[in-house]
Amino acid sequence: FFFAYLPYAPIRRVNKPDLTGPFIWAGSHSNFMCDAIPAGYEGPMPTKFLGKSTLFKFPIKWFVEFCGALPLARAEDHKEMDKAARAAQNRATFKAAIAALRDGWPVAIFPEGMSIVSPGLVLPLKPGVARLAFSAEEANNFSLGLRVIPVGLEYGSRTRVGSGLYIRYGRPLHLREYREIFEREPDQAVKKFMED
């Protein structure tokens, strides 16, 4: 219901690809939790969202989980948590995301790592999107046919309802094109993927 009645009309889509099958929505992140709304309704299947674990607290924890979010423990949010505990949390999140992709669900991630005030991408992007994509394909012997779709969200206004939204889709990146590099040198594959 929430996703179907998006309050950002008119919505203009540029280069929207086929959104069936498993894909990772790699969106820009300039409007806080609102950026998850287009990721949730653009495809035909429910979406799993990767979000910072600090969102999973009262009073919005139940809503975030209801919407299909999975927690990522970021170092900057959990200074009290040791590295091994963060890694264990994130492995569990990746495992759940990989299972969703295997079932044909899309997964949304925001590679900037945090919501930013000004539009446009903040570089360098965090490589978690590439690591998730390669982990999913590797766990399925590169049989998923997984694509990562870069998406730019541009709001007419971040705060005014009905101010318009451009959803600009970039060229989908097919993981199979990186398989040979990944099997030889995984870190180089991640680096090339992030450059692309």
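Quick note: numbers below take in every heavy atom, side chains included, and nothing from hydrogens, waters or symmetry partners. Bear in mind that the values here come from a model prediction, so they are computed numbers and not experimental data.
- Proximity of a side-chain donor or acceptor of Glu137 to a complementary backbone N or O of Leu144 within less than 3.5 Å is detected.
- Ser53 approaches Ala73 most closely through the heavy-atom pair OG-CA, 3.7 Å.
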Kindly indicate, with the supporting measurements, whether the criterion side chain to side chain contact (heavy atoms under 4.5 Å, CB included) is fulfilled by Leu125 and Met194.
CA-CA 8 Å; Leu125 301 175; Met194 293 307 296; 3.7 Å; yes
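- Atoms CG and CG, from Leu146 and Leu101 in turn, are 5.5 Å apart once rounded to the nearest 0.5 Å.
- Contact record, Tyr169 with Lys16: CD1-CA, 3.4 Å, taken as the closest heavy-atom pair.
- No side-chain donor-acceptor contact under 3.5 Å links Asn140 to the backbone of Phe142.
- No donor-acceptor distance shorter than 3.5 angstrom exists from the side chain of Thr93 to the backbone of Leu70, with no hydrogens or angles considered.
- Checking side-chain atoms of Thr47 against main-chain N and O of Ala39 turns up a donor-acceptor pair under 3.5 Å.
- Checked by atom type and distance alone, the side chain of Asn90 never pairs as donor or acceptor with a backbone atom of Leu72 at under 3.5 Å.
- The heavy-atom pair separating Leu55 from Val64 by the smallest distance is O-CG2, 4.1 Å.
- Taking each heavy atom of Met45 and Pro106 in turn, the nearest pair found is CB-CD, 3.7 Å.
- Applying the side chain to side chain donor-acceptor pair (under 3.5 Å) rule to Glu183 yields the partners Arg179; only residues at least two apart in sequence or on another chain are considered.
- In terms of heavy atoms, Pro44 sits closest to Thr20 at CG-CG2, 4.1 Å.
- Within the 4.5 Å cutoff, the side chain of Ile149 has no heavy atoms near those of the Trp25 side chain.
- Of the N and O atoms on the side chains of Asn141 and Ser143, not one donor lies less than 3.5 Å from an acceptor on the other residue.
- The residues Asp196 and Lys192 are annotated as salt-bridged, a charged nitrogen and a carboxylate oxygen being separated by less than 4.0 angstrom.
- Remark: Glu185 CD to Lys191 NZ distance equals 10.0 Å, nearest 0.5 Å.
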